[in-house]
Amino acid sequence: ETGVTQSPTHLIKTRGQQVTLRCSSQSGHNTVSWYQQALGQGPQFIFQYYREEENGRGNFPPRFSGLQFPNYSSELNVNALELDDSALYLCASSLDRYNEQFFGPGTRLTVL
Amino acid sequence: QQQVKQSPQSLIVQKGGISIINCAYENTAFDYFPWYQQFPGKGPALLIAIRPDVSEKKEGRFTISFNKSAKQFSLHIMDSQPGDSATYFCAASGPMDSSYKLIFGSGTRLLVRP
């Protein structure tokens with residue numbers, strides 16, 4: 001059984017650019033949640049996708065958007081990048097909305 | 001009301017000792033309390049989790065103690081090993097909305113000295 005995978009591993013962007021991060025959920029899992037983890041802090045919930053629909057959103061601006069595909073993989077898009085967007089972006093998949101969440105290795109985004 | 005407060009921020013323990021990390025919450029709607037272990041450059045890994053219908057759960061050297069009336073829960077690592085050196089996060093979740101999102105504590109950096 002393959003775990004949660006994320007790509008790319010690292011990414012460097014400049015302020016104002018746009019970025020797309022990708023996540024493949026664990027086999028059989030229909031729910032993907034995205035979190036932002038700033039250096040030295042706990043992960044913060046961005047949003048969740050359940051069966052291709054957004055199912056809850058944290059306190060993040062609309063320039064953070066997402067998508068879930070029929071195979072339950074997911075994308076996180078961030079427009080108009082700001083310096084404060086520099087963080088580790090984590091994707092977690094779960095069997096269903098209410099089940100345990102298993103995290104991928106994350107994508108380290110640096111905004112210069 | 002949605003915060004989870006974690007302490008201590010850092011902890012140094014000798015090999016073979018007991019590591020104890022504490023968390024407190026306010027929202028009584030929380031009904032799922034997991035602990036995650038994170039190594040540098042890696043994603044958090046689910047270690048152990050508890051629901052409020054039990055006061056203690058043990059898996060190997062890891063034990064969660066849960067005090068519903070005090071709204072506190074703690075992680076005990078028995079016989080701590082250098083390989084346990086990592087950052088530990090408590091979290092809480094519940095039916096506040098349909099997402100069952102995880103709300104994390106601020107983390108505890110554990111160092112186990114040989």
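Below, each value reflects all heavy atoms present in this structure, side chains not excepted, and no hydrogens, waters or symmetry copies.
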Examine whether an atom of [X] lies under 4.5 Å from a heavy atom of chain A, and if so say whether it belongs to the side chain, the backbone or both; otherwise answer neither.
| X | answer |
| --- | --- |
| B:Gln9 | neither |
| B:Lys101 | both |
| B:Pro34 | neither |

Could you measure the distance from the [atom1] atom of [X] to the [atom2] atom of [Y]? Nearest 0.5 Å is fine.
| X | Y | atom1 | atom2 | answer |
| --- | --- | --- | --- | --- |
| A:Ser94 | B:Leu46 | OG | CG | 11.5 Å |
| B:Phe33 | B:Phe73 | CZ | CZ | 6.0 Å |
| A:Glu54 | B:Ser98 | CD | OG | 9.5 Å |

Exercise for the section: Please determine if A:Lys13 and A:Asp85 form a salt bridge, counting it only when a charged side-chain N lies under 4.0 Å from a carboxylate O. Expected result: no
Contacting region of [X] [heavy-atom separation from chain B under 4.5 Å]:
| X | value |
| --- | --- |
| A:Gln41 | backbone |
| A:Tyr50 | neither |
| A:Tyr35 | side chain |

Handout entry: Candidate pair B:Glu59 and B:Lys57, rule salt bridge (Lys or Arg N to Asp or Glu O under 4.0 Å), full reasoning
Key = CA-CA 7 Å; B:Glu59 288 185 3; B:Lys57 182 174 181 180; 3.7 Å; yes
Problem - Greatest number of heavy atom pairs closer than 4.5 Å to chain B - which of A:Arg97, A:Arg108, A:Gln101, A:Arg57 - result: A:Gln101
Exercise for the section: Name the option with the most non-hydrogen atom pairs under 4.5 Å to chain A; the candidates are B:Pro44, B:Gly107, B:Ser93. Expected result: B:Pro44
Practice task
Let me know which of B:Thr87, B:Ile77, B:Leu75 forms a side chain to side chain contact (heavy atoms under 4.5 Å, CB included) with B:Leu110.
Solution key: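 Running side chain to side chain contact (heavy atoms under 4.5 Å, CB included) over B:Thr87, B:Ile77, B:Leu75 with B:Leu110 returns exactly one hit, B:Ile77.
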